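Below you'll find the structure, written out as structure tokens, and then a few comments.
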Number of protein chains: 2
Amino acid sequence: MAKYLEIAHQLSERINNKEYLAGQSLPDQKNLATEFKTSRMTIQKAIDVLNFEGLTYSVQGSGTYVKKNADLISDFKVRSDQYVGLTQLFGKNHKITSHIIEFYISNPNEAEQQALKINRNQAVYKITRLRYIDNDSHALEYTTMPTNVIPDITEEILKNSIYNYIRNDLNLSIGAAYRTISAEKPNDLDQKHLNCKISDPILQIQQTVYLDDGKPFEYSYTRQRFDKGKFVILEPTHPNV
Amino acid sequence: MAKYLEIAHQLSERINNKEYLAGQSLPDQKNLATEFKTSRMTIQKAIDVLNFEGLTYSVQGSGTYVKKNADLISDFKVRSDQYVGLTQLFGKNHKITSHIIEFYISNPNEAEQQALKINRNQAVYKITRLRYIDNDSHALEYTTMPTNVIPDITEEILKNSIYNYIRNDLNLSIGAAYRTISAEKPNDLDQKHLNCKISDPILQIQQTVYLDDGKPFEYSYTRQRFDKGKFVILEPTHPNV
DNA sequence: CAGTGGTCTAGACCACCTT
DNA sequence: AGGTGGTCTAGACCACTGC
């Protein structure tokens, strides 16, 4: 492990242990450099990590201070060591299963072509799954993936987690995600599969997900009954640039 | 302007101008250091900025590559140079106005105490506004702010933007935001003010917003009719740590 | 193996906050 | 003025990739 990460880790433990108190400052960089027997640049890289994580913030000419919501930040970080497929979001304490409603190969429509940056001739998987959390039908998921980017999907994979397949078997790493969240009226399929009344709103998350290198590999909709889930985000500050 | 930011800026322009093509690599750090007459550390800080912004990514032992969705990233960055009050999100091309429905000082309820980290005796502003975009009623906003953190709010301020007041007049800088997005059934007030039927879903954004130093200053709900807006996010990768 | 990015050093100067 | 963080240097060694 790099020295600066090691130091960042130790400092964050001190913050968690209240050795450095919220609102108060850390020792100055020169002293930290002496204590950790390293150079100031390395201390600064460590502090950059803490600042990025939102545990601390630095004021030029004054010092580096522990944020007053440092605890919230740490909490959230644990919960969102994820990447959003349902499996990641709920996998720890709950059992996720899937029923495959549709699964076939076809050509992309215009929205899909645009989002996935492919043309009409590039075949895509079309996947419709009903997802269960602890045997309770939870969400309808419509997924489109180009066959050349994510090859050889099987029903077996769909019954578990596509994301685990992408990461572990295809050994690809997932990058950014672009999401649009909206409230919708339930359509016939929602009412049938999600067991909802005509007056029950639907929370829809539409997302395009990209690989590390920026290539889009998934265009999907997830629809769930309004009382079955919320979407949570922590938006950090980025005082950069 | 710091040299590394200047270099980052120039490199990002080259990416926008397709001098460096998507999927291809930048010149190596040593050459860039020579070109910009600087040290490798400084080049690396510049590249860190690009990587952070999602324009590029680096692979140890191989090179630094332009992401294939670099254009999407730049686009989004422009649109979200914000901070989420409605004013920021829509202010450019649209006229935002507000009708004040309620505005008084009171004591916080339990949820507010917890979110704002205050006790029952700390007075808070309670603000209910109906917000218009281009004279079209768009959203109901329920805001709670501690009077000691954000003092001297007036009706005049509420008719415009609280966020501009916080930034420009109080000279405070806004930090992270924690949001929960959900779909809800319309209540009586929604139906009255947002002109919606009982079957029209509501998109609700509940947020706690923090200052730079981590002190929470706003706990609010924004409710809008399902067909009046969506919530959009771009979630970057953070391969750190 | 050569070439790349990742880390680290020991010091320097600057910009800014505090008093 | 003194102390703090922000930047920068010129070089070094290491870890990894890809031929």
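All heavy atoms count here, side chains included; hydrogens, waters and symmetry mates do not. In what follows, chains are A, B, ... by sequence order, proteins preceding strands, each numbered from 1. Keep in mind the model is a prediction, meaning the values are calculated, not measured.
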Protein-proximity profile, nucleotides 11-19 of chain D, B/S/- by nucleotide at the 4.0 Å heavy-atom cutoff, equals BB--BBB--
Taken in chain and number order and not counting sequence neighbours, the residues that satisfy side chain to side chain contact (heavy atoms under 4.5 Å, CB included) with A:Asp28 are A:Lys30, A:Asn31
List for me each residue that meets side chain to side chain contact (heavy atoms under 4.5 Å, CB included) alongside A:Gln10, sequence neighbours excluded, and say none if there are none.
-> A:Glu6, A:Arg14, A:Phe36
State, to the nearest 10°, the angle formed by the axis through the first five base pairs of the helix from C:dC1-D:dG18 to C:dT18-D:dA1 and the axis through its last five.
-> 20°
Value in whole Å for how far the [atom2] atom of [N] lies from [atom1] of [X]:
X: B:Met1; N: D:dC8; atom1: CE; atom2: P; answer: 11 Å
X: A:Ile47; N: D:dT4; atom1: CD1; atom2: C1'; answer: 11 Å
X: A:Ile43; N: D:dT4; atom1: CD1; atom2: P; answer: 14 Å
X: B:Phe36; N: D:dT9; atom1: CZ; atom2: C1'; answer: 17 Å
X: B:Tyr57; N: C:dT4; atom1: OH; atom2: P; answer: 16 Å
X: B:Glu6; N: D:dG6; atom1: CD; atom2: C1'; answer: 17 Å

Report the residues that fulfil salt bridge (Lys or Arg N to Asp or Glu O under 4.0 Å) with B:Lys215, sequence neighbours left out, ordered by chain and then residue number.
-> none
Could you check whether B:Lys30 gets within reach of a base, just the sugar-phosphate, or nothing at all, counting any heavy atom under 4.0 Å?
-> nothing
Mind checking A:Ser58 for me? I need base, sugar-phosphate or nothing, with any heavy atom below 4.0 Å counting as a touch.
-> sugar-phosphate
Suppose we screen for ring-ring contact (aromatic ring centres under 6.0 Å, His included). Which residues come up paired with [X], at least two apart in sequence or across chains?
X: A:Tyr165; value: none
X: A:Tyr142; value: none
X: B:Tyr57; value: B:Tyr65

Across all chains, not counting sequence neighbours, the side chain to side chain donor-acceptor pair (under 3.5 Å) partners of B:Lys45 are none
Partners meeting side chain to side chain donor-acceptor pair (under 3.5 Å) with B:Thr143 (sequence neighbours left out) | none
Are OP1 or OP2 of [N] and a side-chain N or O of [X] less than 4.0 angstrom apart?
X: A:Thr38; N: C:dT9; value: yes
X: A:Lys45; N: C:dT7; value: yes
X: B:Gln44; N: C:dT7; value: no

Which sits closer to the 5' end of DNA chain C, A:Lys37 or B:Gly63, going by the nucleotide each is nearest to?
-> B:Gly63
Salt-bridge criterion met for B:Lys126 and B:Glu112 (N-O under 4.0 Å) = yes
Which residues in residues 21-29 of chain B have at least one heavy atom lying under 4.0 Å from any atom of DNA chain C?
-> B:Asp28, B:Gln29
According to the side chain to side chain donor-acceptor pair (under 3.5 Å) rule, which pairs have a member within residues 148-158 of chain B, sequence neighbours left out?
-> B:Gln122-B:Asn148
Between B:Phe52 and A:Phe52, is the ring centre distance below 6.0 Å?
-> yes
